[in-house]
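In the text below, chain A, chain B and the rest are named by the order of the sequence lines, each starting its count at 1.
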Amino acid sequence: MVGKHRQPGNIVTRRDLIREGEIDIQMEYFYDVPGSMPGTLRIPSDALPPIIGLIDYNEQKAVRLQLGTPEECAPHLDSESVSWLDVKGLGSEDVLQRLGQVFDLHPLVLEDVVNVPQRPKVEEYDDQLLIIARMVTPTESGSSFHQEQVSLILGRHYLLTVQEEPEFDCFGAVRDRIRTAKGIIRKRGADYLAYSLLDSIIDGFFPILEIYGEDIEELEDAVVESPTHQTLERIHTLRRELLVLRRAVWPMRDTINSLIRDGSDLISEDVRIYLRDCYDHTVQVLDMVETYRELASSLMDVYLSSVNNKMNEIMKVLTVISTIFIPLTFIVGIYGMNFDREKSPFNMPELDWYWGYPLCWVLMIVIALSLIAYFKRKGWFENVS
Amino acid sequence: MVGKHRQPGNIVTRRDLIREGEIDIQMEYFYDVPGSMPGTLRIPSDALPPIIGLIDYNEQKAVRLQLGTPEECAPHLDSESVSWLDVKGLGSEDVLQRLGQVFDLHPLVLEDVVNVPQRPKVEEYDDQLLIIARMVTPTESGSSFHQEQVSLILGRHYLLTVQEEPEFDCFGAVRDRIRTAKGIIRKRGADYLAYSLLDSIIDGFFPILEIYGEDIEELEDAVVESPTHQTLERIHTLRRELLVLRRAVWPMRDTINSLIRDGSDLISEDVRIYLRDCYDHTVQVLDMVETYRELASSLMDVYLSSVNNKMNEIMKVLTVISTIFIPLTFIVGIYGMNFDREKSPFNMPELDWYWGYPLCWVLMIVIALSLIAYFKRKGWFENVS
Amino acid sequence: MVGKHRQPGNIVTRRDLIREGEIDIQMEYFYDVPGSMPGTLRIPSDALPPIIGLIDYNEQKAVRLQLGTPEECAPHLDSESVSWLDVKGLGSEDVLQRLGQVFDLHPLVLEDVVNVPQRPKVEEYDDQLLIIARMVTPTESGSSFHQEQVSLILGRHYLLTVQEEPEFDCFGAVRDRIRTAKGIIRKRGADYLAYSLLDSIIDGFFPILEIYGEDIEELEDAVVESPTHQTLERIHTLRRELLVLRRAVWPMRDTINSLIRDGSDLISEDVRIYLRDCYDHTVQVLDMVETYRELASSLMDVYLSSVNNKMNEIMKVLTVISTIFIPLTFIVGIYGMNFDREKSPFNMPELDWYWGYPLCWVLMIVIALSLIAYFKRKGWFENVS
Amino acid sequence: MVGKHRQPGNIVTRRDLIREGEIDIQMEYFYDVPGSMPGTLRIPSDALPPIIGLIDYNEQKAVRLQLGTPEECAPHLDSESVSWLDVKGLGSEDVLQRLGQVFDLHPLVLEDVVNVPQRPKVEEYDDQLLIIARMVTPTESGSSFHQEQVSLILGRHYLLTVQEEPEFDCFGAVRDRIRTAKGIIRKRGADYLAYSLLDSIIDGFFPILEIYGEDIEELEDAVVESPTHQTLERIHTLRRELLVLRRAVWPMRDTINSLIRDGSDLISEDVRIYLRDCYDHTVQVLDMVETYRELASSLMDVYLSSVNNKMNEIMKVLTVISTIFIPLTFIVGIYGMNFDREKSPFNMPELDWYWGYPLCWVLMIVIALSLIAYFKRKGWFENVS
Amino acid sequence: MVGKHRQPGNIVTRRDLIREGEIDIQMEYFYDVPGSMPGTLRIPSDALPPIIGLIDYNEQKAVRLQLGTPEECAPHLDSESVSWLDVKGLGSEDVLQRLGQVFDLHPLVLEDVVNVPQRPKVEEYDDQLLIIARMVTPTESGSSFHQEQVSLILGRHYLLTVQEEPEFDCFGAVRDRIRTAKGIIRKRGADYLAYSLLDSIIDGFFPILEIYGEDIEELEDAVVESPTHQTLERIHTLRRELLVLRRAVWPMRDTINSLIRDGSDLISEDVRIYLRDCYDHTVQVLDMVETYRELASSLMDVYLSSVNNKMNEIMKVLTVISTIFIPLTFIVGIYGMNFDREKSPFNMPELDWYWGYPLCWVLMIVIALSLIAYFKRKGWFENVS
Ligand SMILES: [Mg+2]
Ligand SMILES: [Mg+2]
Ligand SMILES: [Mg+2]
Ligand SMILES: [Mg+2]
Ligand SMILES: [Mg+2]
Ligand SMILES: [Mg+2]
Ligand SMILES: [Mg+2]
Ligand SMILES: [Mg+2]
Ligand SMILES: [Mg+2]
Ligand SMILES: [Mg+2]
Ligand SMILES: [Mg+2]
Ligand SMILES: [Mg+2]
Ligand SMILES: [Mg+2]
Ligand SMILES: [Mg+2]
Ligand SMILES: [Mg+2]
Ligand SMILES: [Mg+2]
Ligand SMILES: [Mg+2]
Ligand SMILES: [Mg+2]
Ligand SMILES: [Mg+2]
Ligand SMILES: [Mg+2]
Ligand SMILES: [Mg+2]
Ligand SMILES: [Mg+2]
Ligand SMILES: [Mg+2]
Ligand SMILES: [Mg+2]
Ligand SMILES: [Mg+2]
Ligand SMILES: [Mg+2]
Ligand SMILES: [Mg+2]
Ligand SMILES: [Mg+2]
Ligand SMILES: [Mg+2]
Ligand SMILES: [Mg+2]
Ligand SMILES: [Mg+2]
C-alpha cells in the first residue's frame, strides 16, 4: 500500500484496496497439475485475447503493423531488418500454439511464456535466447503496483515479446525512439532492442520504489506521533510488498548478469556494454529494496516502543491520581463527616449552607468534565482497534 | 495446520489434528543403532507389505503387470524397452533384500531406500544412479500434508522406484501418459521417465504451498482483528511446518542441479533440458517457502503488537473511569450524606423520598448492567487462554 | 536439559543437574599458558590412568589383548593384520609420551590428542592421518549428554584411538562385529575400521537429538498452557545445549568431507563410498540441530506472547470488577446509609433486622471466599518466580 | 543525527534538521524516465553552473588555471605532464556534453557522471577507467553529513574529476601537496593522483564515524538513565544513517579491490601497493559501520527494557500504596466514624476538637503535596510524548 | 565488564570502570587527516619513548642487549644468527623513522606500524613480510582487558616487532625458551620465532574468554533471579566487548590462514605445520566468541521475559487484593455503620466498646505493617532504576 493520494482523515487499508481490485500482488508462481505433460498450456479464464503488433525497422525505414494471425509474421523473420513482434494478452491457446510453430519454440519455452508467472531467468537454445522478465507499473491511484510477466525471445533478426496484459507496459518510449529514429536504435540489431526493453523494465521499478520511500517517511512520523492499528497494518503490508519486489528483482539481476557474462553470440560485444549499465540499475533497485526492508524492520521496533510509551503515560496518570487520593479518602473515611459542628464554627460549616448540596454537585460535575476534556485532548477516546 | 475447511467458530489446533492422526510431520531422520553394520535394514513394525508393479513400454506397446516376487522382474531389465518397477510399501525385509539382489544394489543404496527418511540426494554408482526424493501430498481434509520418501534407481533401460506407503503418490498422470501414449514419453528412455516422476514430485509441492498462502492471509486478518491464543499457536505451527517443507526442498534443489551439471551418461542431453525446467520449479517452491517464512515472522511481530494494543485499550477504560470517580468519591466522602436537611430543601431531598432506597438500587443495577453489556460487546468476556 | 524421566510435579532445572553433577557441557576449548612450548602436554588432575587395549585381526583370526605398556604394541604395527590400539584415559603423561614415540607422532599431534577439547578436524602427515572427533553419549537419567574427544590416528596397517574417559564409548557394536566376523569388517583394512568408528560416533548424535525433539514438543505445550520461569529457563538451556551440539557437528561435517575429497592414499576408493554415507548422516544431524534451533527461537516468541496474554487476562478481571463497582460505590457514598427510614418502610429495612450485622458479615465472607476460589482456579496463587 | 554541539536541554530531532536544511541524506539512486534513450542527461534545476579548474604538473613545474570552456583543456591532454581537470557543479548540459566530446567519453559514462547519484563502481573502457565514488563531508554544525558523488575518469596522462557541488570537497590537502611538491606526488603519474584522491575520500569517512561513535556513547547513557521518545527517534535515525553509510562504503570496497586485482595497464604496479593501503582503510570503515549497526540494534533492546523497567517501578508504587490502603479503607468503612463517643474518652476525641476539621484539611493537603513532590522528583510529570 | 572480583553487594558498572581508567576498549581504527601524504606518522601525545631490545641467538649462543639507537642493530641483521629486535613504545617519531631506514621499510609499512590501531593483516614485500596482529592481556583486577597492536616484520634472518605499550606483553615465556634453549626454538630460524610469538598472542585470548564465560554464567543466574538495571547494562556491555573481540580475531584468522596458504619463501614448510596449529586455535577463539555472542543475545530475551514475569506477579497481587475488597467496600458503603444497635445486641457491638477506637487503629497498623513486610520480602522496595 503506498500513499501518494491518501488524505489524513481518509486512511485506506490494504484490504480496502483488495476489495476495490486495486491491488493484485501475486505471491505464488504458476503451477501445473502434478504429472501433467511438459508443454501443457493453461489459459486463465479471464485472459484477454492476444493482440499482435509488428514493428519492422532498419536504418532506412520503420513499419508498424497490426497482425491478424501469427503466421503473417513469418516472412519478416528472415529479412535483415529487425522484426519486433509484440503479443499482448494470453487469451487464446490456438494463437499461442501457432506462434510457437512460427517461431519454432521448444515446448518448454512456450510453457514458460504462457503459464505465468515464472521466475525471471535466461535460457539459451540453439539459435534463440529466452528471457523471462517481470515488469511493474504504478496503479492509477498511485498506491501499490501492477506486475506482469514479459517474455522475450531473441533471434538473429527478430525479437518476440509476450505480455500478460494488453493494457499496461512501459515500452512506449522505445516505440517512439524507433519511429522517430532518435538515438542509435534504428542502426542496431535485435539485441539492442532487447536491451532497450529490459532497460525500460528495470527503470520502471524506480518510480514504484520512490513511492515506497515516501511511504516510509510518512510511517516514520506516524509511528512516533500517532501509532495506531492502521500504522501496524501498513508496516506489515510494506514488508509484504517489498518482499514481492525483492523476489522480482533478485532473479532479474542474475538474468542480466548471465546475459553479460555467458551470453550467446546473439548479443554483440557492443550491446554488452549497454547491458552493464542495465545491470548497474538492477543492483541499485536491489540496494533500495534491501534498505527499505531494513527500515521497515526498524519501524516495527519503533512502533512497539511508541505504543509502550503511550501506555506508560496512561499508567502514570492513573498512578498519580490514585496514589494521591487513596490516602486522602482513607482519612476522610475516618473523620470525614462527623466533626462535632456544635463544638466549633470551623467544623464543616458547609453542611449548614443553604446551597450546600447543589454546590457540591456543581463541584463534582466541573471536576468530571475537566477530566473528560483532558482525556479527550490526550486522544484517549479515539478508537484504536 | 492449514485452513481450507475450518469454520470460524470451530477452530482446530494442531494438537487436535495430531490426536486425530491427521498430521504426521516428521522432524527427525532415520538413524541406526550406533555401531550397527552398514547395510542393516530396519523395517518399521507398522509398514505395509510391498506391492510390486511393473510397467514395461516402448514406442509400440505398454504392458502393466502386478508381480508376485522381485525375481519376476529380472527378464525385463535387459530388454531394450523401458521397465519401470514400482515398489510400494517397506513391510518385508526378505522382499527388499531380494530386490537388492535382482538390481545388484550396493548395500548402502538398499539401506538408504529402506531406512527412511533420508535426506534427498543423488549418488552415482557404476551403472546406476540413486536419487532420493521427498514427496508431499495433501491430506483429505485439506489441512497439513503427508510426506514420504521416494527412491529412484535409474539404470540403462530400467527405473526402480520405492515408495514408503502404497496409498498415496502423485504418479497417476504419468502412468496415464504411458498408457495413452500421450506426449513423447513412450518415445524416450528411462531417463525421461525419471524426469517425469521428479517433475510430478516437485509440482506436488505447489498445492500444499497454496494452502499455506491462504492460511497466511487468514492469519493476517486474525492477528489484527482477534488475536487469541489459537492465533499464536497457528503461527508457531505454520513456522514449524514451513521449516519441514524447507528442509525437504533445499536438498531437492541440489539434487536436481547435480543431475543437470555432473549427471552421468545415463541422462541424455535432451532430458537435461527438461530437468532444467524441473529445476526452475524447485527454485520457485523454495522462493515461496522463504517468502512465507518471512511473512510468518512478520506476523508474529504484528500479533505481539495487536495484543499490546488491546491491552492498551483496556487500560484506558480503567484509567478514564477510575480517574473520574476517584476525586468525586473523595468529595462525597467529605460531605456526602451529612448536609443539614433542615437548613434547606435542596440538601439531599432524595433521602426523604418514599421510594428513595429502591430507586437507588435500580440506578445501581442499571449502571452495572450497562457496563457489563459494554464489556461483552468489547469481547472482554471471551476466554483468551 | 532433556525431559524423558521428568514428572509433571517434579521439575528439574539445569542448575539442579549441575549441582548433581549430571551435566558437564563444556563451552570452552583447551588452552595453553600463552607462550608455552608447542607439544607441551597438560594432564588434568582428575584424569583416570590410561587403559590400553589392542585388537589385532585379519580375515582368519581376531585377538583381543590388554597391554601394560605402549611398547608392547610395537611388534603389531608392521604386521599385515589390522591393529587397533584403543587408549582410554589421559591420566599419565609418561604413558602418553611413550605412546607418541611408539607411533612416531609429531609433537603437535600428541598435543591435540592429549590437551582436550580440540575442535574436530583432519590433518595429514607423512604416513599418518590425524582425525579429531567429538563423541556424545546420553546420560543414565536420559537428560542432557556426556561428550568427550576421540582422536584417531590412522596408519597403513594400524589405527590408534585415544578417548578421554574409559567409562563411555559407542564402539561396542564395532568390537562385536570384529569378534564375530559379522559383515565385511574383518576383510578390510584399517581405513574401514576408522570409517566404522566415525559412523558409530555420528550415529550417536541421533538418540541425543531425539530427546531434544521430545523436549521441544513438551515445551510447545508448556509455553502455551503454563508458561513459568522454569519454562523460560528450559528454553534458554535448550538453546545453549543446541549451540554446543552445533559446535561439535559443524567441524565434523568438514572433517568427513575432507576425508572424502582430499583424503590421502591411506583411504581406499572403496571406503570413500562408505564415508559418503557417513557424511550424509552428519548433514542430517546438522539439519536437525538447525531445525531445533529455529524452533527454540520461535518458542521464545511464543513464550513472551503467552505471558503477555496471561497478563492481559488478569488486567481484564481487574478492569471489569473495578469499573463496575467504582460508580456504584460513588452512588452509595452519596445516599448509602442516610435514607430516612421513618419516611418509608422500603428505606433500608435491613438496618433494623435483628441479625442484620452478622448477615452482612456472612455475605462479605462468602464473596471474599468465592473470589479467592476463583483466583485459585485461575492459578494466580502459583508462585511464578 | 549526531550530537557534538547539542545542549542537554535543547534536543534537536532529525525533523528539525531537515527543516533547517542541514540534513540531506539521499536514500534513492537516480533514475531515468523508463524507456529514455541511453545517454540522456538530466540536469537538476538547482544545480550550480560548473566551475572548471585545471592543474597541470610534472616534476619540474605545476600550473593551476581556471578554464572558461572545456575545450581549453584539450591541448593539455596529450602532453606528458599530468593534467587534472576538476569540474565542480552539474548545472549546464551544454558544458557537460562538450566535456564529453573533449574527453571522448562513451554516452553511458557521461550519463553516470551527470545523472547522480549512482552506485560506486569501476568500469574499464578502451583507454579510460571510470571510477564512481561517494564523498562525505561533515556539516558545519557537526551533526550528520553531506554526501556527493565524485566521478574520476583516468586516462594515460590526465585525470578528469566531476563533483556535484562546488562548495565541499576533501581534496585541499592533495592540491597543496602538488603545489608544494611535498612527497612524491609530482614525480608520479595520473594513476598516483587518482589514488591520492580516493585515499582522501576514504579518509573522509572516519571523522563522520567518530561522531557517530560519540553519539552511540551518549545514547548508551540516555537509554538507561532517561529513555524518552527522543532517544527512540535518535536510535532509529542512527540506524537509518548508518544504513546510508554502509550503502556508500560496500561498493567502494569492491571498487578499490577491483582496481587492485583486475586493474588495467593504466595503473602501475607501484600504485597498486598504495591502493592496497587504501583498501585497508575501506575495510576498516566498513568494520566500524557494521559494529555501530550492531550496537544500535542492541541499544534498541536496551531501550525497550529500560522503558519496561520504568513502568515496572510505577506499577510498584501504585500497588504498594493501593494494597496497603484498600483493607484499611474497608475497616474504616465498617467502624470509621460511629464509635460511641459517649462510651469512652478514647473513641474519636478528634471529632470534638475546636480545630478538628481545619487540622484534617491541613493533614490532607500535606499528604497530597508530599506525594506530588515525590512524583515530580521521580520525573513522572515530564512529558514523554 | 567481567566479574571475577566483584562482590554481590558491590556492583561495578562499566561506567565506573571507565572512570577509574580500567577499561580502554577502542572501537575506532586510526585515521589520517583526509588528504595527508602516505607515510605520514602521527605520534600520540601520551605515547611512551621506545625501548629497543635485541635478542640474537643461534643453536650455540643467545645474547640479549638493550640498544640506544636503531642503528646499533644494523650489524646483526645480515649475520646468520636470528636477530629479534623488539621495540616497545611509539613515543618518538625520530627513532621510528630511523628504524624504518635501518630495516629499509616501505613508507606504508612504517605507517601501519606507527599509526595504530590497524586491522590485522599480512602483506608481502620484496624480502619482507609485514604481519599486523592484535594482542590482548587481562587487566590486573581481572575485569575487561587491555589490547594493543603488535607489528611483526619478518626478514631472512631477523624479526622486528613493534608494540604500542612497554608495560604489557605475553612474550615472556618465549624469551625464556630462547634463553634456556628449551624446545627447538634455538635450532630454528626467524620464521619459527614469528610463529612462536603469534601463537602466544592467540593463546592470550583464551584467558580473556574464560572470564567472559564465567560472566555469562553469573548473568544466567542474575537474569532469572534478580533482573535489575545493572544486569541489563552488563548484558549490553558484554555484547559490546564481544564485538570488539570478534573484530580482533576475524582478521587474525585470515592473516594466519594466508601465512599458511600463500606465504612467501620466508616461511619454511616445517613452520607451516606449526602455523596450522596456531590457526586451529584462532578458529577455536572465534568459535567461542560467536557462541558467547549467541548466548548474550538469548540472555537479553530471558531478561525481558523475567522483567515481564516480575511485573505479572505485581499485577496479580494488586488484582487479587483489589478485586476482593472492592465489592466488600461497596457493601460496607451501603450498610456499614448504620445498623440499628438498639434493635439487636449483634448489631455492631464494637462501637460501644471502651477501647473500640484504639483497637481499630491497632488493627489497621498491624495490617499495614504486615503488608509492608510482605512487600519488602518480595524485594519491591529495592531501587530498580
Ligand atoms: Mg502504504
Ligand atoms: Mg510441467
Ligand atoms: Mg502489459
Ligand atoms: Mg536504466
Ligand atoms: Mg528523506
Ligand atoms: Mg521524518
Ligand atoms: Mg549508468
Ligand atoms: Mg549406518
Ligand atoms: Mg506412496
Ligand atoms: Mg514442473
Ligand atoms: Mg493474496
Ligand atoms: Mg488480508
Ligand atoms: Mg518452465
Ligand atoms: Mg600451544
Ligand atoms: Mg570414552
Ligand atoms: Mg551412520
Ligand atoms: Mg511431533
Ligand atoms: Mg504439541
Ligand atoms: Mg545412507
Ligand atoms: Mg537509462
Ligand atoms: Mg564537491
Ligand atoms: Mg587512507
Ligand atoms: Mg563510553
Ligand atoms: Mg556509557
Ligand atoms: Mg596502511
Ligand atoms: Mg593515509
Ligand atoms: Mg606491549
Ligand atoms: Mg596455541
Ligand atoms: Mg555452566
Ligand atoms: Mg547457572
Ligand atoms: Mg593443536
Heavy-atom distances under 4.5 Å only: say whether [X] touches chain A with side chain, backbone, both or neither.
X: Leu209(B); result: neither
X: Ile185(B); result: neither
X: Thr323(B); result: both
X: Tyr274(B); result: both
X: Asp280(B); result: side chain

- Minimal non-hydrogen separation, Gly35(A) against Ala173(B), with atom names: O-CB, 3.5 Å

- Taking the side chain as every heavy atom from C-beta outward, state whether Val33(A) and Asp203(B) have any pair of such atoms under 4.5 Å apart. no

- Does the side chain of Ser306(B) come within less than 4.5 Å of His229(A)'s, by heavy atoms?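 When only atoms from C-beta onward are counted, Ser306(B) and His229(A) do touch, with a gap below 4.5 Å.
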
Any ion pair linking [Y] and [X] (charged N to carboxylate O, less than 4.0 Å)?
X: Asp277(B); Y: Lys121(A); value: no
X: Arg276(B); Y: Glu124(A); value: no
X: Arg247(A); Y: Glu294(B); value: no

Nearest 0.5 angstrom please: [X] [atom1] to [Y] [atom2], how far?
X: Leu318(B); Y: Met315(A); atom1: CG; atom2: CE; value: 7.5 Å
X: Leu328(B); Y: Cys360(A); atom1: CG; atom2: SG; value: 9.5 Å
X: Arg177(B); Y: Met37(A); atom1: CZ; atom2: CE; value: 7.0 Å
X: Thr329(B); Y: Ile326(A); atom1: OG1; atom2: CD1; value: 11.5 Å
X: Tyr292(B); Y: Leu243(A); atom1: OH; atom2: CG; value: 10.5 Å
X: Leu295(B); Y: Arg239(A); atom1: CG; atom2: CZ; value: 9.0 Å

- Query: Most heavy-atom pairs under 4.5 angstrom with chain B, which of Tyr374(A), Tyr125(A), Phe325(A)?
  - Reply: Phe325(A)

- Query: Can you check side-chain contact (heavy atoms from CB on, under 4.5 Å) on Phe375(A) and Ile324(B), steps first, answer last?
  - Reply: CA-CA 10 Å; Phe375(A) 297 151; Ile324(B) 288 174; 4.1 Å; yes

- Do you know which of Pro207(B), Ser196(B), Ser322(B), Gly213(B) has the most heavy-atom pairs with chain A at a distance under 4.5 angstrom?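 Result: the option with the highest number of such pairs is Pro207(B).
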
- Message: Under 3.5 Å, is there a donor on one side chain and an acceptor on the other for Tyr31(A) and Gln284(B)?
- Response: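 The criterion, which ignores hydrogens and geometry beyond distance, is not satisfied for Gln284(B) and Tyr31(A).
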
- Item | Test log, rule side-chain contact (heavy atoms from CB on, under 4.5 Å), inputs Leu299(B) and His236(A) | CA-CA 8 Å; Leu299(B) 273 180; His236(A) 178 70; 4.2 Å; yes

Less than 4.5 Å to any heavy atom of chain B: does that hold for the side chain of [X], its backbone, both, or neither?
X: Arg119(A); result: both
X: Leu371(A); result: side chain
X: Asp301(A); result: neither
X: Met364(A); result: both
X: Ile321(A); result: both

- Item | Counterpart residues, ring-ring contact (aromatic ring centres under 6.0 Å, His included), relative to Phe30(A) (two or more places apart) | none

- Message: Restricting to side-chain contact (heavy atoms from CB on, under 4.5 Å), what partner residues turn up for Ser226(A), sequence neighbours left out?
- Response: none

